[in-house]
Amino acid sequence: MPNAELPKAYDPTEAEARWYPTWMSRGYFRAEAISEKPPYCIVLPPPNVTGSLHLGHAVPATLQDILIRWKRMSGFNCLWVPGIDHAGIATQMMVERELKKTENKTRQDLGRAEFLRRVWQWKERYGARIAEQHRFLGASLDWSRERFTMDEASSAAVREAFVRLYEEGLIYRSKRLINWCPACHTALSDLEVEHEEREGSLWEIRYPIKGSDRFLVVATTRPETMLGDTAVAVHPDDPRYRDLIGKTVVLPLLGREIPIIADAELVNPEFGTGVVKVTPAHDFNDYQTGLRHRLPMISIFDESARTTREAGPYAGLDRFEARKRVLADLQAQGLLERETKHKLSVGLCQRSGTVVEPRLSLQWFVKIESLARPAIEAVEQGKTRIVPETWVATYFQWMRNIHDWCISRQLWWGHQIPAYYCKSCSARPQRRGRAEDPTHPMFPEEGDRAAPIVSRERPAKCPRCRGTEFEQDPDVLDTWFSSGLWPFSTLGWPKDTPELKTFYPNSVMETGHDILFFWVARMMMLGIHFMHDVPFPVVYLHAMVRDEKGEKMSKTKGNVIDPLHVILGAKPEELSPSQRNKFPQGMPAYGADALRFTLAALMQQGRDIKLSLDRVDGYKAFANKLWNASRFALMNLKGLEPLAELARDADFALADRWVLSRLNRTTRSTVEALSRFEFAEAASTIYQFVWHEFCDWYVELSKGPLYGDDAQARKRTQSVLVYSLDQILRLLHPFMPFVTEEVWQKLPLVRSVNSIMIAPYPVADPRFDDSEAEAAMAPVIEAIEGIRNIRGESNVSPSMKVPAVIQSADPAVRQGLERWRHYLMPLAGVSSLEISAPGAKPQQAAAFVGVKTGMEIFVPLAGLIDLTEERARLAKEIQRVDADLESVRRKFDNPNFAAKAPREVVEKERARADELSLRRAKLQENLNRII
RNA sequence: GGGCGGAUAGCUCAGCGGUAGAGCGUCGCCCUUACAAGGCGAAUGUCACAGGUUCGAGCCCUGUUCCGCCCACCA
């Protein structure tokens, strides 16, 4: 029989390499555009093409594959869309960095077209790598529908969305103060700015009042921006300064005369000196103040945050150098009153870490309010449910305070904005490298003088002057603009495709909570706007993977783990230094199944999970356990015909009924947990059953009939074994696709399909629920455990059989034990078993008293047991029972307990008190016997 | 400044009103013919602190202390 040749240990690497290509070539991953089956669709959050995947990416791949495989086996027409995100700014930076390193060139050296060619090369390289990593994870993605955010179809969707929003007045161009990264030379959205608390200073500076020898003392954390001050503000009700409102101060260093204004919004009279310098072009508060008071706006920094000629004698300096010079000169002129330590929060560019500089510039925006409102309502009305619910408040808080979205980026890699400037009649788009004309500040309400033509295609003729030469807006769109269309752009939108009809809305959005705003919120807004329906009824937000110390995985920290290293193993030289420390011999191949099961098992609904490779090792052992249980079965199936179905009316033995009942309950709990996205619950339910019920008990109990003479009992046991394994494998398949397929193929089953991945998912069948069998097994298990306890405590070798005496006052317990004594004896290692009503107790025997049934178990071990130890053991047991008794008594000592607590509870406690008293009495009796 | 998590066994975490649990690790006995990646047994907790509600509180409420995260234009 080939089965006997099964190796003792499961080799994941070998099996995993075989199955993925098989499944793929048979087309199991492909969805039908039109089908009788109910649709189920998930779009994979497209990973950034900045590099290869790290272990964090294995989470969405695993969880979504679990859902997809479960639903596919449950009869759904499943579509799981693979894709990759061009990740504009991030990828451009990676390629620029590589270019600098390998060729010592900048993107400007190459020019836009050549640089883009290089980025596309990068995309091909890492895109392929990412797809490969997903395949090794076992992700059953429909590769025939793989997409990229910058492929032609996605680009068409982006242009369509942009033009429609523009025509609806929801996209506009405006000169505003935006977040600018002086290193990346681009605008950023609010979300792309990360805040960090830093130690800084608060400087107090004297501004001389014109025509007086008095000063106004302003407080600032950024003294260099005074070069761009166009006013000084005080609170209108501040008695200290009321008389100065409307007067003029002379800006130190530059000598510019600026007004003293009153502004209740900007100024908090309690803070600092109660006087605020106003720099509208370099601070968001000051900008608003500037708009309110129509102040001039002077840009003193260029795109690299170096001072412009507006800074007069300070022109041409880096902003931090400018600060030093300004402070030194103020000091020299005696205008610096004092410096105090001050904590402040600085904005940093998410990608480069550079301190962001607010900057006045012409950008494209999405008018957000009318898009946000329906997205808020959808969650309020439960059209989209957020799981875990704790994120709902966060979603609302952000959505209700949302600002217009700056979507233009001064980058090369991305979707170029479909706006065209006629070369002959309209003003050219402004060059952003130049400082804006300070004497003619452009206010948003003044509109856009250089109105472009916004169009899906490059226009043929200018409608104003008939010109035919156009220049396309050089800017590209924020990466998240195209991602926001993903749930429908991947299905063919704006074309009216069958896929769109079948799979929109998607079934669930499964992603990390870190991109709730970046991505989920935008999909909600754009999905509802363009498709008139929410993009998905459920958002499941998973926790973030951290390393075992709880730190974020990042390349710079060197704690990123390549999922392929975990799956396939890695040589020492392939590992990062910190990993090599832990794995000096290299990383072992844990296999995709073990990795996936670990991620599922750790996926509690917290904020983050700490991944330890020791856990992966534990679940690798689980795969091996399953393998060996199957191997045991296969070695003992001689004579069994391939199993079609388990006869429900067979004359099952207690163990059969018990395991079928437990299996059935496991099936029910697993499906319920999956329905609630409780991956950890589902995984541990199966784990617990497979290892600690099926393997520990049923497999052991099956040895009797399998090795015995009763042919009918053998056949029945074989059938239950095969049936149970079949169910277990199918239950487990979404979590551990490879080992389950590998084993399932070897089982003698009558199959209607030739892969487990398209076999039906188990359904709980109430007819298998058998509380009676479970109750009947309880005393058997208790007796076995009691005897094992005695043996273990006395260090009796497993090979040594011992006699046992069990006494119970309950005739039903006695009967059960008598009937199933052939279960008890081999599992407890008992040579002779005597079952009786309580009576004379054997001499020289160790004793154990059952917790629930109160049965007394005696193992006469004359000469083997150490009486001192036995005494200590019983005494300790009594102590423990006393503690429990004490806590129960305390309840009854309180008269309110019996009066107010529910009757069931009181009864339960009373029964428990009786049980405990009985147990205590017997333990004491046995203790006395020894003494 | 606002908001949200977390604090339970050595470690990682379940439990969220009625007998404190799991996995890993630790300790003992075992190569018992599926599995030593294994079997059997054992030990281990002022459930962060202080109040309150309740017959009864890791669990609910209030406050405190730490740790972490998110949002926010107070110089």
Side-chain angles (χ1 to χ4, degrees), chain A residues 6 8-10 177 190-191 195 202 218-222 225 233 265-268 270-279 283-288 342 344-345 347 358 390-391 393-394 397-398 401 513-514 516-517 544 548 550 601-602 604 606-612 614-615 617-636 680-681 684 687-688 695-696 699-700 703 707 785 788-799 826-829 851 873 883-884 887-888 890-891 894-902 904-906 908-909 912 915-916:
Chain A
L6 272 190
K8 263 173 104 164
Y10 173 61
L177 197 66
D190 296 344
L191 277 178
H195 297 270
L202 188 66
V218 304
T220 180
T221 55
R222 297 198 58 193
T225 62
E265 257 182 81
L266 179 71
V267 184
N268 168 10
E270 310 293 316
F271 186 91
T273 57
V275 186
V276 186
K277 59 191 271 314
V278 184
T279 321
D283 180 279
F284 287 98
N285 283 319
D286 295 3
Y287 176 68
Q288 292 303 328
H342 184 71
L344 70 157
S345 134
T390 157
W391 292 105
T394 310
Q397 195 222 327
W398 189 73
N401 297 296
H513 62 73
D514 56 331
L516 175 59
F517 305 143
M544 310 307 295
E548 37 211 335
L602 289 172
Q604 301 293 160
R607 299 246 156 171
D608 45 42
I609 58 174
K610 288 174 222 170
L611 186 86
S612 136
D614 291 339
R615 283 300 283 269
D617 201 38
Y619 292 118
K620 186 189 174 192
F622 178 58
N624 191 55
K625 186 77 181 174
L626 181 69
W627 173 261
N628 273 291
S630 311
R631 182 164 162 263
F632 164 79
L634 293 168
M635 283 161 65
N636 292 289
E681 179 67 21
S684 62
Y687 178 96
Q688 170 66 24
C695 291
D696 286 354
V699 167
E700 292 307 323
K703 288 176 181 173
Y707 300 152
E785 287 178 339
R788 282 175 176 172
N789 176 287
I790 293 170
R791 300 177 60 112
E793 289 292 283
S794 312
N795 285 346
V796 174
S797 150
S799 55
L827 265 61
V851 177
R873 193 174 64 84
D884 288 351
S887 89
V888 182
R890 220 173 301 136
K891 289 190 181 181
N894 182 344
N896 285 327
F897 175 65
K900 293 195 177 169
E904 314 87 79
V905 173
V906 177
K908 211 173 132 192
E909 290 295 320
R912 186 162 169 255
E915 257 174 41
L916 286 169

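Residue numbers begin at 1 in each chain, while the letters A, B, ... track the order of the sequences.
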Open item on the list: Base contacts versus sugar-phosphate-only contacts with protein, heavy atoms under 4.0 Å: please encode nucleotides 27-40 of chain B as B, S and - from 5' to 3'.
Closed with: -SSS-B-BBSBSSS
Between the side chain of [X] and the main-chain N/O of [Y], is any donor-acceptor distance below 3.5 Å?
X        : Y        : value
A:Ser794 : A:Val796 : no
A:Asn401 : A:Gln397 : yes
A:Arg615 : A:Ala601 : no

What distance separates [X] [atom1] from [Y] [atom2], expressed to the nearest 0.5 Å?
X        : Y        : atom1 : atom2 : result
A:His342 : A:Thr220 : NE2   : OG1   : 9.5 Å
A:Arg873 : A:Ile790 : CZ    : CD1   : 6.0 Å
A:Arg631 : A:Tyr10  : CZ    : OH    : 15.0 Å
A:Arg912 : A:Leu916 : CZ    : CG    : 5.0 Å

- [ ] Indicate the ring-plane relationship of A:Phe517 and A:Trp398, choosing parallel, tilted or perpendicular according to the 30° and 60° boundaries.
- [x] parallel
Open item on the list: Once you measure the plane-to-plane angle for A:Phe622 and A:Tyr687, does it fall in the parallel (<30°), tilted (30-60°) or perpendicular (>60°) bin?
Closed with: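 Ring orientation, 0 to 90° scale: tilted.
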Looking at [X] and [Y], what are the two nearest heavy atoms and their distance?
X        : Y        : result
A:Leu202 : A:Thr221 : CD1-CG2, 3.8 Å
A:Trp627 : A:Lys8   : CD1-O, 4.0 Å
A:Leu266 : A:Ala233 : CD2-CB, 3.9 Å

Interatomic distance at [atom1], [N] relative to [M], whole Å:
N     : M     : atom1 : value
B:G56 : B:G18 : C1'   : 7 Å
B:G6  : B:G21 : P     : 22 Å
B:U19 : B:U32 : P     : 41 Å
B:G25 : B:G10 : C1'   : 7 Å
B:U46 : B:U8  : P     : 11 Å
B:C27 : B:C13 : C1'   : 23 Å
B:C11 : B:U26 : C1'   : 11 Å
B:G3  : B:G52 : C1'   : 25 Å

What is the distance, rounded to the nearest whole Å, between atom [atom1] of [X] and atom [atom2] of [N]?
X        : N     : atom1 : atom2 : result
A:Leu611 : B:C13 : CG    : P     : 11 Å
A:Phe517 : B:C70 : CZ    : P     : 10 Å
A:Asn896 : B:G17 : CG    : P     : 22 Å
A:Trp391 : B:C70 : CH2   : P     : 9 Å
A:Tyr287 : B:C74 : OH    : C1'   : 19 Å
A:Leu344 : B:G1  : CG    : P     : 15 Å
A:Glu681 : B:G15 : CD    : C1'   : 10 Å
A:Met544 : B:C70 : CE    : C1'   : 13 Å

Open item on the list: Quick check for you: among B:G41, B:A75, B:A72, whose closest atom lies nearest to any side-chain atom of A:Ser345?
Closed with: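 Ranking B:G41, B:A75, B:A72 by closest atom to the A:Ser345 side chain puts B:A72 first.
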Open item on the list: What does the 5'-to-3' dot-bracket notation of RNA chain B look like when only Watson-Crick and G-U wobble pairs under 3.5 Å count, and pairs to other strands show as |?
Closed with: ((((((((.[[[[.)..(..]]]].(((((.......))))).....[[[[[..)....]]]]])))))))....
Open item on the list: Under 4.0 Å, heavy atoms only, any strand: does A:Leu266 hit a base, just the sugar-phosphate, or nothing?
Closed with: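 Here A:Leu266 touches the bases of the nucleic acid.
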Quick one: which protein N/O atoms are closer than 3.5 Å to N/O atoms of nucleotides 6-8 of chain B? Pair and distance per line, please.
none

Open item on the list: Within the supplied structure, the quantity of interest is the number of heavy atoms (other residues, nucleotides, ligands) at a distance under 6.0 Å from A:Lys908 NZ; does it exceed 12?
Closed with: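 Counting neighbours around NZ of A:Lys908, 12 or fewer heavy atoms of other residues, nucleotides or ligands fall under 6.0 Å, so no.
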Task: Any residue meeting side chain to side chain donor-acceptor pair (under 3.5 Å) with A:Gln688, in chain and number order, not counting sequence neighbours - done: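 None.
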Open item on the list: With the 90 degree cut-off around zero defining syn, does B:G63 come out syn or anti?
Closed with: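 Here B:G63 takes the anti form, which means its glycosidic angle is more than 90° from 0.
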Task: salt bridge (Lys or Arg N to Asp or Glu O under 4.0 Å) involving A:Lys625 - partner list, sequence neighbours excluded - done: none
Between protein and nucleic acid, restricted to nucleotides 18-21 of chain B and to nitrogen or oxygen atoms under 3.5 Å apart, what atom pairs and distances do you find?
unit_1: B:G18; atom_1: O2'; unit_2: A:Glu909; atom_2: OE2; d: 3.4
unit_1: B:U19; atom_1: O2; unit_2: A:Arg912; atom_2: NE; d: 2.8
unit_1: B:U19; atom_1: O2; unit_2: A:Arg912; atom_2: NH2; d: 3.0

- [ ] Could you say whether A:Gln688 or A:Ala393 is positioned toward the 5' end of RNA chain B, judged by the nucleotide with the nearest heavy atom to each?
- [x] A:Ala393
